[in-house]
Amino acid sequence: AGAARVFSRMEAAGAAPSDADCSLLLHLCGITTPPDVALAARVWEAARAAGTPLHEPSWSGMIRLMCAHGDVARAQALLTDMLQGSCADRVRLR
């Protein structure tokens, strides 16, 4: 509920989420029971639409959330995007 309230205030103010905002909000979406996938998607899309440069913690947070939700296809698509973007040098595949 707190993450939704914060993000709603950001939206009302016309503020795009920074990378740090995105990472924190995604983390909060992931630790709720059940995970708040709808809010995470809104946060993610707002950051991407604003052109916010997202770093590894934000990408990883969204990928983990999609995996926890059982949306493996979306998680794989995000990982592919991540590997083709600015985080490629920070990812180690085993």
Side-chain angles (χ1 to χ4, degrees):
R5 193 169 41 253
V6 168
F7 186 62
S8 291
R9 288 181 186 160
M10 291 175 72
E11 286 181 311
S18 69
D19 178 56
D21 295 330
C22 190
S23 181
L24 179 62
L25 289 168
L26 292 174
H27 174 74
L28 294 173
C29 289
I31 62 171
T32 62
T33 304
D36 193 340
V37 176
L39 177 59
R42 284 177 46 213
V43 169
W44 185 259
E45 292 307 319
R48 301 284 291 172
T52 302
L54 298 173
H55 298 110
E56 185 274 329
S58 292
W59 283 94
S60 294
M62 191 63 172
I63 291 167
R64 272 193 305 275
L65 206 131
M66 290 298 109
C67 287
H69 183 61
D71 193 345
V72 176
R74 176 80 170 128
Q76 287 176 324
L78 286 165
L79 181 59
T80 298
D81 290 348
M82 181 181 175
L83 290 171
Q84 293 172 350
S86 61
C87 295
D89 62 331
R90 303 203 57 201
V91 177
R92 293 187 189 111
L93 298 177
R94 297 176 194 212

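Values in this document were obtained by computation on a predicted structure and should not be read as measured data.
Atom-to-atom distance recorded for L79:CG and I63:CD1 is 5.0 Å, nearest 0.5 angstrom.
E11 is linked by a side chain to side chain donor-acceptor pair (under 3.5 Å) to R42, counting only residues two or more places apart in sequence or in another chain.
Residues C22 and A47 share a closest heavy-atom pair of SG-CB, 4.2 Å. The two residues M82 and S60 make their nearest non-hydrogen contact at CE-OG, 4.2 Å.
One hydrophobic cluster, built from ILVMFWY side chains closer than 4.5 Å, holds both L26 and L54. Residue W59 is grouped with residue V37 when hydrophobic side chains (ILVMFWY) are merged at heavy-atom distances under 4.5 angstrom, including chains of intermediate members.
Counting only residues at least two apart or in different chains, side chain to side chain donor-acceptor pair (under 3.5 Å) contacts with residues 15-34 comprise S18-D21, D19-H55, D19-S58. Here side chain to side chain donor-acceptor pair (under 3.5 Å) pairs that include residues 43-52, with residues two or more places apart or in two chains, number zero.
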If you look only at distance, which donor and acceptor atoms sit under 3.5 Å apart when one is on a side chain in residues 65-73 and the other is two or more places apart or in another chain?
unit_1, atom_1, unit_2, atom_2, d
D71, OD1, R74, N, 3.0

Scan the side chains in residues 1-10 for donor-acceptor partners under 3.5 Å anywhere in the protein, sequence neighbours excluded, and list what turns up.
unit_1, atom_1, unit_2, atom_2, d
S8, OG, A4, O, 2.9

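If you chain together ILVMFWY residues whose side-chain heavy atoms come under 4.5 Å of each other, L24 ends up grouped with L28, I31.
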